[in-house]
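Okay, structure first, notes after.
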Amino acid sequence: MQIEHFATSRTLPELTDLRSRTAIVTGGSRGIGRGIAERLHEAGASIVVAGRDLASAQRLVDMLDDRRTDSALAAQVDVTDEGLVAAMVSAAVERFGGVDVMVNNAGAFPIGRIVDIDLPTFRTSIDVNLIGTFLCTRAAARVMIEQERGGSIINVTSIAGMHRAQLGLAHYDASKHGAWGFTRTAAWELAPHHIRVNAIAPGPIKTDASGYGEVEVSDEMRENAKGMAARVPMGRFGEPDEVGRVALFLASDLSSYMTGAHIAVDGGVLLS
């Protein structure tokens, strides 16, 4: 295996250049996923925008292709479905020749107190946020190992995986703590293959779940968002692109000696 990512004489533009790489972003058509997909594409990567809503993914792909022809692909996927995940990764290999960056961003964010929440809702959080991360990581890692050129896997967790979240989110907490634990062991296992596995833990970001997106949210979710906003030392919600910039750092050779890291992008919430 010959990997030059750690060479010390490279310039900043060379370190951030993703033109030879392909990235898959789950939940990639809106919110944080879109912010990540747009930044990785800007750095030159070919992008697979994956999500449940194929039409939404295709709209972003059309915009990206307008910027650079034949540089993006829409994939309809449920990350809890092993077969669909395998098809998503195979599509990336067939269209762009491989997989170099896997961003596990798809997530579920239902609200419900422990005494009220039903089992299917609890399982949805675990299945999407944890099992989905496992399935996508495994599928991408198998391809990366076969390619013998390393890679970067980025798991979008949450600051809820670093401390308690808010009332009504025990199931979400459990899934995100699990995703962080999975990240650490995956980083250890895959390091010999020069595959780096890191996590980004967003705090309050302007997304559908916080009432800033296109999707109508419940009053309870809006109240949760307000409560979170009051705890941000920087005094504002973050932009999806601010998470995208950190993802670019982890996807690129700027972070070539980092694995098993958990980066909070939270405006200082963990300080409060």
Side-chain angles (χ1 to χ4, degrees), residues 25-28 30-39 103-114 117 122 124-126 128-130 132-133 153-184 187 197-215 217-251 254-255 258-272:
V25 183
T26 65
R30 57 165 59 99
I32 288 172
R34 179 173 183 138
I36 292 172
E38 288 187 353
R39 277 297 175 183
V103 182
N104 292 310
N105 170 70
F109 195 81
I111 302 290
R113 301 290 181 108
I114 293 170
I117 194 170
F122 194 101
T124 294
S125 290
I126 300 301
V128 175
N129 300 340
L130 182 54
T133 295
I153 296 172
I154 303 167
N155 296 327
V156 179
T157 59
S158 168
I159 55 171
M162 304 175 82
H163 76 145
R164 66 170 179 82
Q166 296 195 22
L167 298 178
L169 290 175
H171 47 294
Y172 182 75
D173 268 18
S175 68
K176 292 301 186 178
H177 277 275
W180 168 225
F182 174 79
T183 298
R184 290 188 295 175
V197 188
N198 295 289
I200 301 174
I205 306 295
K206 292 180 180 178
T207 64
D208 290 342
S210 58
Y212 284 90
E214 301 172 358
V215 178
V217 299
S218 67
D219 291 340
E220 191 169 11
M221 290 181 74
R222 288 188 184 278
E223 288 304 311
N224 262 345
K226 289 179 182 178
M228 181 66 80
R231 295 165 49 201
V232 183
M234 290 183 69
R236 64 176 178 86
F237 273 65
E239 299 288 342
D241 180 59
E242 292 180 295
V243 182
R245 298 171 205 172
V246 178
L248 173 57
F249 167 72
L250 291 175
L254 286 171
S255 58
M258 287 180 64
T259 197
H262 205 184
I263 303 177
V265 185
D266 69 342
V269 170
L270 292 179
L271 301 174
S272 62

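Between N129 and A108 the shortest heavy-atom distance is OD1-N, 2.7 Å. Listed here is the closest heavy atom pair of L130 and S175: CB-O, 4.2 Å. Between K176 and S158 the shortest heavy-atom distance is CG-CB, 3.9 Å. For the pair M258 and N198, the tightest heavy-atom approach, listed with the atom from each and the gap, is O-ND2, 3.2 Å. Here the closest heavy-atom approach between residue G268 and residue P233 is recorded as O-CG, 3.1 Å. The minimum heavy-atom distance linking M162 with A201 is given by the pair SD-CB, 3.6 Å.
Remark: Y172 OH to T124 OG1 distance equals 14.5 Å, nearest 0.5 Å. With rounding to the nearest 0.5 Å, the separation of CG in D241 from CD1 in I32 is 11.5 Å. Here the CZ atom belonging to F182 is positioned 13.0 Å from the OG1 atom belonging to T157, to the nearest 0.5 angstrom. A distance of 5.0 Å separates CD1 in I36 from CG in N105, rounded to the nearest 0.5 Å. One distance of note links OG of S255 with CG of L248; it measures 9.0 Å at 0.5 Å rounding. Rounded to the nearest 0.5 Å, atoms CG (D266) and CD1 (I205) are 8.5 Å apart.
At distances below 3.5 Å, at least one donor-acceptor pair connects side-chain atoms of T26 with backbone N or O atoms of A106. The backbone N or O of I200 sits nowhere less than 3.5 Å from a side-chain atom of H262 that would complete a donor-acceptor pair. With hydrogens and angles ignored, the 3.5 Å screen pairs a side-chain donor or acceptor of H171 with a backbone N or O of P110.
The shortest side-chain heavy-atom distance between L250 and I263 falls under the 4.5 Å cut-off.
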Would L169 and F109 count as a side-chain contact (heavy atoms from CB on, under 4.5 Å) if you check the C-alpha gap in whole Å, the side-chain angles of each, and the deciding distance to 0.1 Å? CA-CA 8 Å; L169 290 175; F109 195 81; 4.0 Å; yes
Going through the distances and angles, do N104 and I154 end up as a side-chain contact (heavy atoms from CB on, under 4.5 Å)? CA-CA 6 Å; N104 292 310; I154 303 167; over 6 Å; no
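With sequence neighbours excluded, the residues that form a side chain to side chain contact (heavy atoms under 4.5 Å, CB included) with T183 are N155, W180, V197, A199. Qualifying salt bridge (charged side-chain N to carboxylate O under 4.0 Å, His left out) partners for R34, counting only residues two or more places apart in sequence or in other chains: E38.
No salt bridge links E242 with R39; every basic N to acidic carboxylate O contact stays at or beyond 4.0 Å.
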